[in-house]
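Notes to accompany the following structure.
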2 protein chains.
Amino acid sequence: MAEFDLNALDEVIHGKLRLGLMAFLSGVDHASFAELKAQTGASDGNLSVHLRKLEEAGYVLVEKSFIGRKPHTTAKLTAEGRKAWIDYLDQLKRLLGP
Amino acid sequence: MAEFDLNALDEVIHGKLRLGLMAFLSGVDHASFAELKAQTGASDGNLSVHLRKLEEAGYVLVEKSFIGRKPHTTAKLTAEGRKAWIDYLDQLKRLLGP
DNA sequence: TTCTGATACTTTATTTTTTAAAGTACTTGG
DNA sequence: CCAAGTACTTTAAAAAATAAAGTATCAGAA
């Protein structure tokens, strides 16, 4: 009964944009909204929405501050997020085979 | 401007269930509806829908025949599907890093 | 100084996907 | 024959992704 265990693939991470965000964030300490936007090519709206989902899942920590009067958002992986990322990668490898 | 090129990730393949189907089909010559269902754990409805999407994309060839009076469906990757699969894997590797 | 365009976001609405539910058709075991 | 199971498809409902519009600030040009 050795199934291809699809349910083990983390939904939250699997979405394309979020996958890109996680991949990028896994390689840096933190990143700004603008950096994430440039790296992933996402629209503002998309980025905002998906960043929030990752935040709600506890995978990224989003910090909002002001530079002068302009809002400035930075994101970084949480410990939980890093773990989820590693797990996701493991599952993917298993799924994709040898 | 070296972006994480998310758009290069094939939408059709990326969906979880279809990813599982492609992964499984890439390792066998062909498979029956029942085998695919067992391997992926998908419900009948889901499998039917996603199999059709893969078919519409030209990635799998679905053949329907009768064994006695019962319908029997088998699926196998097309050449195009195999290529798309390899491309997908390449893109994924690139995205996920080193 | 006032207008224009750009940055930095969020919220809401629209569309697309995914999943779940129900339905059809046939077969097999009791 | 009847109940239960296989093998699907179709339709409807839920969830997700994308796009559009809106708020607020800033920076440069007229």
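This one's a predicted model, so the numbers in the text were calculated from it and none came from an experiment. Proteins come first, then strands; the chains are lettered A, B, ... in the order of their sequence lines, and each starts at number 1.
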Parallel, tilted or perpendicular, as decided by the 30° and 60° cut-offs, for the rings of B:Tyr88 and B:His14: tilted
5'-most by nearest nucleotide on DNA chain C - A:Lys64 or A:Glu11: A:Lys64
Terminal contacting nucleotides, 5' and 3', DNA chain C versus chain B (heavy atom, 4.0 Å): C:dT17 to C:dT27
Selection residues 17-42 of chain A - residue pairs positive for ring-ring contact (aromatic ring centres under 6.0 Å, His included), sequence neighbours left out: A:Phe24-B:Phe4
Positions of residues 44-52 of chain A (non-hydrogen atom under 4.0 Å from DNA chain D), listed by number: A:Gly45, A:Asn46, A:His50
Closest-nucleotide ordering on DNA chain D, the 5'-leading residue of A:Arg69 and A:Leu17: A:Leu17
Residue pair B:Arg18 / B:Ile13, side-chain heavy-atom distance below 4.5 Å: no
Atom-to-atom span, CD of B:Glu55 to C1' of D:dC8 - whole angstrom: 14 Å
Between D:dT18 (P) and B:Leu9 (CG): distance, integer Å: 12 Å
Sole candidate of B:Leu51, B:Asn46, B:Leu47 that passes side-chain contact (heavy atoms from CB on, under 4.5 Å) when paired with B:Lys37: B:Leu47
Touch class at under 4.0 angstrom, heavy-atom based, for A:Lys16 against every strand present: nothing
pair A:Val60-A:Thr78: side-chain heavy atoms closer than 4.5 Å: no
Cluster link B:Val49 to B:Leu61, ILVMFWY, side chain under 4.5 Å: no
Nucleotide D:dT23, atom P - distance to CZ of A:Phe33 in whole Å: 18 Å
